[in-house]
Colleague: 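Below is the structure I would like to discuss, written out as structure tokens.
Chain identifiers are assigned alphabetically (A, B, ...) following the order of the sequence lines, protein sequences preceding nucleic acid strands; residue numbering begins at 1 within each chain. Scope of the values below: all heavy atoms of this structure, side chains included, with no hydrogens, waters or symmetry mates.
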Amino acid sequence: MPSSQISALPSARDIDLLHDRINQWYLQHARDLPWRTGANTPWEVMVSEFMLQQTPVKRVLPVWETWLERWPTPADLAAEEPGEAVRAWGRLGYPRRAQRLHAAAVAVLERHGGKVPASYEELLALPGVGSYTAAAISVFAFGRRATVIDTNIRRVHARLISGKALPSKALTAAETRLAEALMPEDLAESNLWNVSVMELGALICTAKSPSCEQCPVFDRCAWVAAGKPEADYQPKGQAWAGTDRQLRGAMLSVLRAASGGVDRTLLTTGGKPDVAYPAELAPAIRALAALNSPSEQIDRCYAGLLADGLAQEKAGLVSL
DNA sequence: GAGCCGTGGTC
DNA sequence: TGACCAAGGCT
């Protein structure tokens with residue numbers, strides 16, 4: 001059997017057992033998260049999904065709260081300048097998500113009368129919404145029937161069904177077919193299954209050291225049965241020190257602290273300007289200067305931020 | 001499809 | 001301690 005093929009699907013009876021066990025586990029052990037109260041607006045769910053892209057729950061919680069106090073509807077956010085969204089995003093990371101969330105709010109206002117659409121296709125057409133986020137909003141906010149596939153779900157499926165330590169690097173068609181085949185027929189049960197498997201992956205079937213002894217389907221796990229073989233590839237890791245991402249982040253930190261716009265030389269000198277600047281910018285400027293970035297990299301990153309629309313320059317002044 | 005895009009917690 | 005990782009999306 002080619003390695004791209006998923007191992008044999010369990011019998012219908014065994015799949016029912018997985019549904020029962022994992023859904024039951026979820027009902028007993030799920031975290032109490034504010035975007036999962038059952039009374040959330042679709043917008044609240046949508047904001048949570050944007051913030052949770054590649055970002056841990058713990059860091060999202062406070063920003064989600066303040067964001068929704070300030071912009072309780074898509075129209076509220078759409079009425080703001082995009083730069084304010086980037087500033088309010090704070091240090092959540094990947095600030096282009098804030099930019100895309102703003103753009104999505106504008107699109108919701110223009111295309112959908114200010115109401116977050118419920119269908120997978122309409123959601124997918126919004127800026128910053130890919131296959132995961134479209135399915136997640138459709139299921140979690142509207143109770144639609146869709147197949148949610150995130151990194152947690154992929155990992156659970158890889159272990160439980162395919163007997164592998166980790167899913168492949170990129171989502172495959174076979175994985176999607178597997179996820180669809182495992183989805184309960186019943187609508188309510190399918191909604192629960194999506195969130196249950198994701199939660200199992202987040203709390204028990206974790207990437208590093210899974211808590212198999214607490215897993216409700218430990219005795220059904222193909223990976224455990226195979227003796228927990230190692231992954232067939234090495235995660236490549238993410239370089240950070242000296243990267244453009246680090247420098248861009250330091251520049252954006254200065255811009256977030258500067259509400260009115262600042263002299264462009266604060267950034268284009270790599271944080272070593274000849275001009276005076278407001279005292280409240282000092283920490284961010286120092287952090288930028290400490291990188292000692294080569295001028296070529298500084299130029300590239302500054303131009304990149306402008307090109308990406310994360311910074312605006314006008315008459316020598318830069319702002320978000 | 002591989003590479004890029006932020007940030008901070010964890011072991 | 002530094003490498004890995006976290007509810008991805010886009011080019």
Side-chain angles (χ1 to χ4, degrees), chain A residues 4 26 30-31 33-36 44-64 86-87 89-101 103-104 123-141 146-156 165-173 179 194-203 205-210 231 233-256 284 287-288 291 300-301 304-305 307-311:
Chain A
S4 63
Y26 176 82
R31 290 168 292 181
L33 300 175
W35 46 82
R36 263 191 199 161
E44 289 169 349
V45 174
M46 179 169 160
V47 171
S48 79
E49 291 304 338
F50 270 74
M51 292 183 173
L52 287 164
Q53 291 169 4
Q54 298 285 284
T55 305
V57 165
K58 182 177 180 181
R59 291 179 42 216
V60 165
L61 286 167
V63 185
W64 183 84
V86 173
R87 176 168 287 112
W89 197 255
R91 305 190 67 80
L92 270 188
Y94 290 142
R96 42 193 3 152
R97 292 183 294 160
Q99 200 179 28
R100 290 172 183 156
L101 180 53
L123 287 163
L124 189 61
L126 298 174
V129 176
S131 59
Y132 162 75
T133 303
I137 296 172
S138 192
V139 171
F140 302 149
T147 304
V148 178
I149 303 179
D150 79 323
T151 187
N152 290 305
I153 290 173
R154 294 184 63 215
R155 190 172 54 249
V156 171
L166 295 174
S168 55
K169 296 175 193 171
L171 179 64
T172 64
N194 277 312
V195 70
S196 299
V197 177
M198 195 181 316
E199 191 79 340
L200 186 70
L203 298 185
C205 195
T206 54
K208 308 173 302 172
S209 48
Y233 65 93
Q234 309 265 20
K236 68 171 161 38
Q238 303 168 346
W240 176 246
T243 61
D244 284 7
R245 277 201 287 178
Q246 183 188 35
L247 177 53
R248 286 167 57 110
M251 288 180 169
L252 282 167
S253 180
V254 173
L255 292 177
R256 278 196 302 269
L288 175 59
L291 296 180
R300 178 173 67 247
C301 288
L305 290 177
D308 291 345
L310 285 168

Colleague: Does a nitrogen or oxygen in the side chain of A:R256 sit under 4.0 Å from OP1 or OP2 of B:dG6?
Modeller: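 For B:dG6, neither OP1 nor OP2 has a side-chain N or O of A:R256 closer than 4.0 Å.
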
Colleague: Using the P atom as the point on both nucleotides, what is the distance between B:dG6 and C:dG2, in whole Å?
Modeller: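 Result for the P pair: 23 Å, nearest Å.
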
Colleague: Could you tell me how far apart A:L171 (CG) and B:dG1 (P) are, to the nearest whole angstrom?
Modeller: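 Value for this atom pair: 10 Å.
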
Colleague: If you assign each of A:K58 and A:G249 to its closest nucleotide in DNA chain B, which residue comes earlier from the 5' end?
Modeller: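 It is A:G249 whose nearest nucleotide is closer to the 5' end.
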
Colleague: Roughly, in whole Å, what's the span from CH2 in A:W240 to P in C:dA6?
Modeller: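 So the two atoms are 18 Å apart, to the nearest Å.
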
Colleague: Which value, rounded to the nearest 0.5 Å, describes the distance between A:L310 atom CG and A:L252 atom CG?
Modeller: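 Rounded to the nearest 0.5 Å, the CG-CG separation comes out at 5.5 Å.
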
Colleague: Look at all strands and tell whether A:R91 reaches a base, only sugar-phosphate, or nothing, counting heavy atoms closer than 4.0 Å.
Modeller: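 Sugar-phosphate contact only.
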
Colleague: What N/O pairs connect the protein and nucleotides 1-5 of chain C at under 3.5 Å? Give each pair on its own line.
Modeller:
{"residue": "C:dC5", "atom": "N4", "partner": "A:Q238", "partner atom": "OE1", "Å": "3.0"}

Colleague: How far apart are the C-alpha atoms of A:R97 and A:L92, what are their side-chain angles, what is the distance that settles it, and do they pass the side-chain contact (heavy atoms from CB on, under 4.5 Å) test?
Modeller: CA-CA 9 Å; A:R97 292 183 294 160; A:L92 270 188; 4.1 Å; yes

Colleague: Looking at A:R36 and A:E44, does any basic side-chain N land under 4.0 Å from a carboxylate oxygen?
Modeller: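 Salt bridge absent between A:R36 and A:E44.
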
Colleague: Could you work out the separation of C:dA7 and B:dA2 based on their P atoms and round it to a whole Å?
Modeller: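 Straight-line distance between the two P atoms is 22 Å.
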
Colleague: For A:L92, answer base if it contacts any base atom (sugar-phosphate contacts may also be present), sugar-phosphate if it contacts only those atoms, and nothing otherwise; contact means non-hydrogen atoms under 4.0 Å.
Modeller: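 Counting heavy atoms under 4.0 Å across all strands, the contact made by A:L92 includes a base.
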
Colleague: Touch check for A:R245, heavy atoms < 4.0 angstrom, all strands: base, sugar-phosphate only, or nothing?
Modeller: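 The answer is base, as A:R245 lies within the cut-off (heavy atoms under 4.0 Å) of a base atom.
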
Colleague: Kindly say if A:Q54 contacts the phosphate of C:dA6, meaning a side-chain N or O under 4.0 Å from OP1 or OP2.
Modeller: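 For A:Q54, the contact criterion (side-chain N or O under 4.0 Å from OP1 or OP2 of C:dA6) is not met.
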
Colleague: Remember a base hit wins even if backbone is also touched, and classify A:T133 as base, sugar-phosphate or nothing at under 4.0 Å, heavy atoms.
Modeller: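 Sugar-phosphate, no base atom in range.
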
Colleague: Considering only heavy atoms and no angle criterion, is a donor-acceptor pair shorter than 3.5 Å present between the side chain of A:T55 and the base of C:dG8?
Modeller: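 Not at all, since no donor on one side and acceptor on the other fall under 3.5 Å apart.
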
Colleague: Is A:R59 side chain donor-acceptor paired with the B:dG8 base, going by distance under 3.5 Å alone?
Modeller: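 For A:R59, whose side chain was compared with the base of B:dG8, there is no donor-acceptor pair (under 3.5 Å).
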
Colleague: Is A:R31 touching bases, backbone alone, or none of the nucleic acid, heavy atoms closer than 4.0 Å?
Modeller: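 Base contact.
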
Colleague: Between atom CD in A:Q234 and atom P in B:dA2, what is the gap in whole Å?
Modeller: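 In whole Å, B:dA2 P lies 17 Å from A:Q234 CD.
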
Colleague: Rounded to whole angstrom, note down the C1' distance from B:dC5 over to C:dA6.
Modeller: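 Taking atom C1' in both B:dC5 and C:dA6, they lie 15 Å apart.
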
Colleague: Quick one: label A:T151 by what it contacts on the DNA or RNA (base, sugar-phosphate, nothing), any heavy atom closer than 4.0 Å.
Modeller: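 Sugar-phosphate only.
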
Colleague: CZ of A:F50 versus P of C:dC10: gap in Å, rounded?
Modeller: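 Interatomic distance, CZ of A:F50 to P of C:dC10: 8 Å.
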
Colleague: Between A:K169 and A:Q246, just flag the one whose closest nucleotide in DNA chain B comes earlier from the 5' side.
Modeller: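 Taking each residue's closest nucleotide, the earlier one in sequence belongs to A:K169.
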
Colleague: Calculate the interatomic distance between A:R96 atom CZ and B:dT7 atom C1'; express it in whole Å.
Modeller: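 Distance, rounded to whole Å: 15 Å.
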
Colleague: I need the CG-P distance between A:L252 and B:dT7, as an integer number of Å.
Modeller: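 Value for this atom pair: 7 Å.
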
Colleague: Using the side-chain contact (heavy atoms from CB on, under 4.5 Å) rule, take A:N152 and A:R155 through it: C-alpha gap first, then chi angles, then the decisive distance, then the call.
Modeller: CA-CA 5 Å; A:N152 290 305; A:R155 190 172 54 249; 2.8 Å; yes

Colleague: Could you walk me through whether A:T55 and A:F50 pass the side-chain contact (heavy atoms from CB on, under 4.5 Å) check?
Modeller: CA-CA 9 Å; A:T55 305; A:F50 270 74; over 6 Å; no

Colleague: Indicate, with a heavy-atom threshold strictly under 4.0 Å, whether A:S48 touches base, sugar-phosphate, or nothing.
Modeller: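 Result for A:S48 = nothing.
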
Colleague: If you assign A:R100 and A:E199 each to the DNA chain C nucleotide with the nearest heavy atom, which residue ends up on the more 5' nucleotide?
Modeller: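 This one resolves to A:E199.
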
Colleague: Output the distance between atom SG (A:C301) and atom CG (A:L247), rounded to the nearest 0.5 Å.
Modeller: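 Separation between the atoms: 4.0 Å.
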
Colleague: Report which part of the nucleic acid A:G130 touches: base, sugar-phosphate, or nothing (heavy-atom distance under 4.0 Å, all strands).
Modeller: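 Since only primed, P, OP1 and OP2 atoms lie under 4.0 Å of A:G130, the category is sugar-phosphate.
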
Colleague: Rounding to a whole Å, what distance do you find between A:D308:CG and C:dT11:C1'?
Modeller: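 Atom-to-atom, A:D308 to C:dT11, this comes out as 11 Å.
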
Colleague: Under 4.0 Å, heavy atoms only, any strand: does A:D244 hit a base, just the sugar-phosphate, or nothing?
Modeller: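 Touches sugar-phosphate only.
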
Colleague: When you compare C:dT1 with B:dT7, how far apart are their P atoms, in angstrom units rounded to a whole number?
Modeller: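 Roughly 24 Å separates the two P atoms.
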
Colleague: Which residue is it: A:I137, A:I149, A:V148, A:L52? I am looking for the one with a side chain to side chain contact (heavy atoms under 4.5 Å, CB included) to A:Y132.
Modeller: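 When A:I137, A:I149, A:V148, A:L52 are each tested with A:Y132, the side chain to side chain contact (heavy atoms under 4.5 Å, CB included) holds only for A:V148.
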
Colleague: For the residue pair A:R248 / A:T243, report whether a side-chain donor-acceptor contact shorter than 3.5 Å exists.
Modeller: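 The criterion, which ignores hydrogens and geometry beyond distance, is not satisfied for A:R248 and A:T243.
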
Colleague: Under a 3.5 Å cutoff, is there a donor and acceptor pairing between the side chains of A:Y94 and A:R100?
Modeller: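 Absent: no donor and acceptor within the cut-off.
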
Colleague: Under 4.0 Å, counting only non-hydrogen atoms across every strand here, what does A:W89 touch: a base, just sugar-phosphate, or nothing?
Modeller: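 No contact.
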
Colleague: Rounded off to whole Å, could you give me the CG-to-C1' distance for the A:L247 and B:dT7 pair?
Modeller: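 From A:L247 CG to B:dT7 C1': 15 Å.
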
Colleague: Any base atoms under 4.0 Å from A:L33, or only sugar-phosphate, or nothing? Heavy atoms, all strands.
Modeller: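 Base contact.
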
